[in-house]
> 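First the structure, which I've put down as C-alpha cells, then a few questions once you've had a look.
Below, chains carry the letters A, B, ... as their sequence lines are ordered, and counting in each starts from 1.
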Amino acid sequence: MNANDSTTKLDFIRQIVAEDLKTNKWGGRVVTRFPPEPNGYLHIGHAKSIYLNFGIAAENKGGLCNLRFDDTNPIKEEEEYIESIKKDVRWLGFDWGDRLFYASDYFEQMYEYAVQLIKKGKAYVCDLTAEQTREYRGTLTKPGKNSPYRGRGVEENLELFERMRAGEFEEGRRVLRAKIDMASPNLNLRDPVMYRILHAEHHRTGDKWCIYPTYDWAHGLEDSIEKITHSICTLEFENHRPLYDWFLDELGVYHPQQVEFARLNLSYTIMSKRKLQQLVQDGLVSGWDDPRMPTICGLRRRGYTPESIRNFCKRIGVNKFNSTVDIALLEHCVREDLNKTSPRVMAVLRPLKVVIDNYPQGQVEELEAINNPEDASAGTRKVPFSRELYVEREDFMEEPPKKFYRLAPGREVRLRYAYFITCTDVVKDASGQVVELHCRYDPATRGGDAPDGRKVKSTLHWVSAAHSLEAEVRLYDHLFTKENPDDVENGVDFKSNVNPNSLEMLVLCRVEPSLAGTAPGSRYQFERLGYFCVDHDSSIGKLVFNRTVTLRDPWAKIQKAQKQR
RNA sequence: UGGGGAAUAGUGUAACGGUAGCACGACUGACUCUGGAUCAGUUAGUCCAGGUCCGAAUCCUGGUUCCCCAGCCA
C-alpha cells in the first residue's frame, strides 16, 4: 500500500465534508475557496491550502473551489500580487474556471449589511481613538469596559456611518463596531471593529471608498455571498469562529461552516511572510524567487515540479496540531518525480583535465548514451569522446581512503558509456595542487564493457574537453543552518541562522554539447550529481543551471562520517 | 493568571472500544555501466497518573506540555 491509496483514509476535513454530504446538510453541494490577500507571494504553505481546497472540490461531484482575493486592506495590497498568485495557482495545476472573485466587489453589499446591523442595534459608531480602544478592551484576564459611545441611538449611528462613508472624517477618527460583549473571555467578541476609515487608493475600487471592512466583518460575508459550504482556514482563526458565526446569525444570512487546520511548517526554512520579506529587503536572498526561498516562484525557479509539490501536499496530511515537516520529504518528492521524467546528461562541475595518452591525437568518437534508464521511450543520444577530457575533481584522490572507489593512481575505472581507463600519472602545480591526470585506456572496453569480464568498482561521468560547453552552475543548500530558524540566542533574530553556504556559484563548469541551446526551465539529471534546471538567467551564449536537489549520495555520508572520526 | 485548541516511532500521518499500520529518515543486504534507481530487511511510538471495560491510542477523572487570542492586519 502506498500514499496514493488514500481512498479509505480521509483527513478530518474530508470526513466532515463526506458526513455533510451523507446528511445532505448543504443540499449536496461542496463549495470551498482559496482566499489569499494580495499582499505578497504564495509559498509552499499556501500550496497546502490550495491543494486542500481545490482538492476537496475536485474529489466531489459538482464540487467548486473559488479563487477569491481578500482585498479589504488597500494599504497592503497590489495588483502585482494578484497576477503572481494567479500564475502560481495555475502553475500548481489548479483551475478556478470562472470562479474568480474579489472581496472588493462586495463592498456595497457589505455596507448594506452593516446598516442592517446598526438598525438592529447591534452595531455602533465609536469615537474612541485606537489607543483608547485598546485600553477599554481590557486584557486576557480582565474584562473590558463599554465604550462611552456604545449607547448611541440608531439614528445617530446611521447618520455618522453615512458620513464616515462620505469621507467627512479623517483617518482613525471613528470606527463602526459590533455591539457584542465587552466582558467576553474571547477578546474577539469585545465589540470588534467592523469598519475603519482609510483614505487610501484601492487597487480595484480606486477612491470610491474611504471606509474598509475588517477581516472579521468581511470574511464571513464573502463566504456567505459565494455560498461556500466549508470555509477552511488555519488554526489561528479558531478564536474568530464565534465572531464569524455571530455576524452571520445576526444577519440571518446563508451560513457556511468554518473549519480550521494547522498551517505547514518545514524544517530549515520559514513560512512567515513578514520574515521572508525581511530576507528579501536585507538582501540575504536575491528576491522572492530566489531558488532558496520556500515561495512557489522560488521553488519553480529551483526546478521543483508542480507534480512533486502536489504529491508532497498529499503526503503531509491535514491535522489540527502544529507540526514541522522534515524538508527531506519535500526533497524526496522531487527526486521521485524527476527520476522518472528528467533526461540524463553529463556535466562536470569542478573540472580536472584528463589526458588519455594512448588515445589517438585528433580522434573523436560519438558514443551512445541512454537518455533516461527509467523511460525507454526517451531514447539515446551521441556524446563525443576524445583524447582530452574533464572529470570531476572529487572523483580523483591521490591517496584514497577506505571505501573510495573512484580514480586514484594505478586504479582502473570506467568512463560512462566509453572506456575503462587507468591513471598512470599525476601532474601538479607549484603549490602541489593536482592539475592534470594522465591515463591509459583499454580500446577493448569501448562502450563500457570489458570482453574479459573484469570489473571496476566505479563509473565516472566525463565530458570531452574540446567539445564541452562552459556553464555556470548554482548549488543550493538549506536556507538556514538550524532545523528551526527561530531557535536563536538572546539578542539576535532568525536572520543569524541564515546558512552562509546556502549558495555556491560555480562558473567554470563543463557540460556535454547536447545542452547547447537548452531553454530556461528545462530540467535534467546531471549523472551522479543531482537534478538541475536551466535558470532564466541562461542564454545561448551563457548557460546557467540551478541545482534542484542532489542525488542520494552514500559516499557523501561515508565521507562525513570519516571526517568526524 | 481568562478563554480557545492540541498531544501516536527521529519526522509526518493512520487506526473512530477489538492484532498500533504507512510514508520519509536512519541502518543492513541484494542488484547495478549513475555510490542514482530498484528490491529485500532492520530500527523505533500511543504525554503522565488513575479509572470504566473481557478488551482503551480511542471513553471518564486529574495532571503535564505545546500552540493561538489583548491590530482600526489577514
> Just distance, no hydrogens or angles: give the donor-acceptor pairs under 3.5 Å from side chains in residues 11-20 of chain A, sequence neighbours left out.
from: D11(A); atom 1: OD1; to: I13(A); atom 2: N; distance (Å): 2.9
from: D11(A); atom 1: OD1; to: R14(A); atom 2: N; distance (Å): 2.9
from: D11(A); atom 1: OD2; to: R14(A); atom 2: NE; distance (Å): 2.6
from: D11(A); atom 1: OD2; to: R14(A); atom 2: NH2; distance (Å): 3.4
from: R14(A); atom 1: NH1; to: E59(A); atom 2: OE1; distance (Å): 2.9
from: R14(A); atom 1: NH1; to: E59(A); atom 2: OE2; distance (Å): 2.6
from: Q15(A); atom 1: NE2; to: L10(A); atom 2: O; distance (Å): 2.9
from: D20(A); atom 1: OD2; to: W26(A); atom 2: NE1; distance (Å): 3.2
from: D20(A); atom 1: OD2; to: H230(A); atom 2: NE2; distance (Å): 3.4

> Among residues two or more places apart or on two chains, list those pairs meeting salt bridge (charged side-chain N to carboxylate O under 4.0 Å, His left out) that have a residue in residues 256-276 of chain A.
E236(A)-R263(A), R241(A)-E260(A), E260(A)-K320(A), K275(A)-D486(A)
> Once side-chain contact (heavy atoms from CB on, under 4.5 Å) is applied, do any residues pair with R163(A), and if so which ones, sequence neighbours excluded?
E159(A), L160(A), E168(A), F169(A)
> With H461(A), which of R344(A), E392(A), R416(A) fulfils side-chain hydrogen bond (donor to acceptor under 3.5 Å, both in side chains)?
E392(A)
> According to a 3.5 Å limit on both distances, what stems of 3 or more consecutive Watson-Crick or G-U pairs are formed with RNA chain B?
B:2-7 with B:64-69, B:10-13 with B:21-24, B:25-30 with B:38-43, B:47-51 with B:59-63
> With sequence neighbours left out, what residues match R177(A) under salt bridge (Lys or Arg N to Asp or Glu O under 4.0 Å)?
none
> Can you find a donor-acceptor pair, distance only, under 3.5 Å between R315(A) side chain and U13(B) base?
no
> Is it the case that G35(B) (base atoms only) and R406(A) (side chain only) share a donor and an acceptor within less than 3.5 Å, ignoring hydrogens and angles?
yes
> Tell me, please, which residues at least two apart from F69(A) pass ring pair (Phe, Tyr, Trp, His ring centres under 6.0 Å).
Y102(A)
> Which residues, if any, of residues 186-205 of chain A bring a heavy atom under 4.0 Å of RNA chain B?
L187(A), V193(A), R196(A)
> Could you pull out all residues at least two apart from E37(A) that satisfy salt bridge (Lys or Arg N to Asp or Glu O under 4.0 Å)?
none
> M271(A) CE to C67(B) C1': how many Å, rounded?
17 Å
> Hey, is Y405(A) stacking on G35(B)? Ring centres under 5.5 Å, planes under 30°.
yes
> Can you name the residues that form a salt bridge (Lys or Arg N to Asp or Glu O under 4.0 Å) with R335(A), not counting sequence neighbours?
none
> So, is R137(A) near the phosphate of G71(B), with a side-chain N or O under 4.0 Å from OP1 or OP2?
yes
> To the closest 0.5 Å, what do you measure between OG1 (T380(A)) and NZ (K382(A))?
6.5 Å
> Does R552(A) have a side-chain nitrogen or oxygen under 4.0 Å from the phosphate oxygens OP1 or OP2 of A37(B)?
yes
> Going by heavy atoms closer than 4.0 Å, what residues in residues 370-385 of chain A are next to RNA chain B?
P373(A), E374(A)
> Mind listing the N/O atom pairs, protein and nucleotides 17-20 of chain B, below 3.5 Å?
none

> What residues, two or more places apart in sequence or in another chain, satisfy ring pair (Phe, Tyr, Trp, His ring centres under 6.0 Å) together with F480(A)?
none
> At less than 3.5 Å, do the side-chain atoms of D326(A) and the base atoms of C24(B) form a donor-acceptor pair?
no
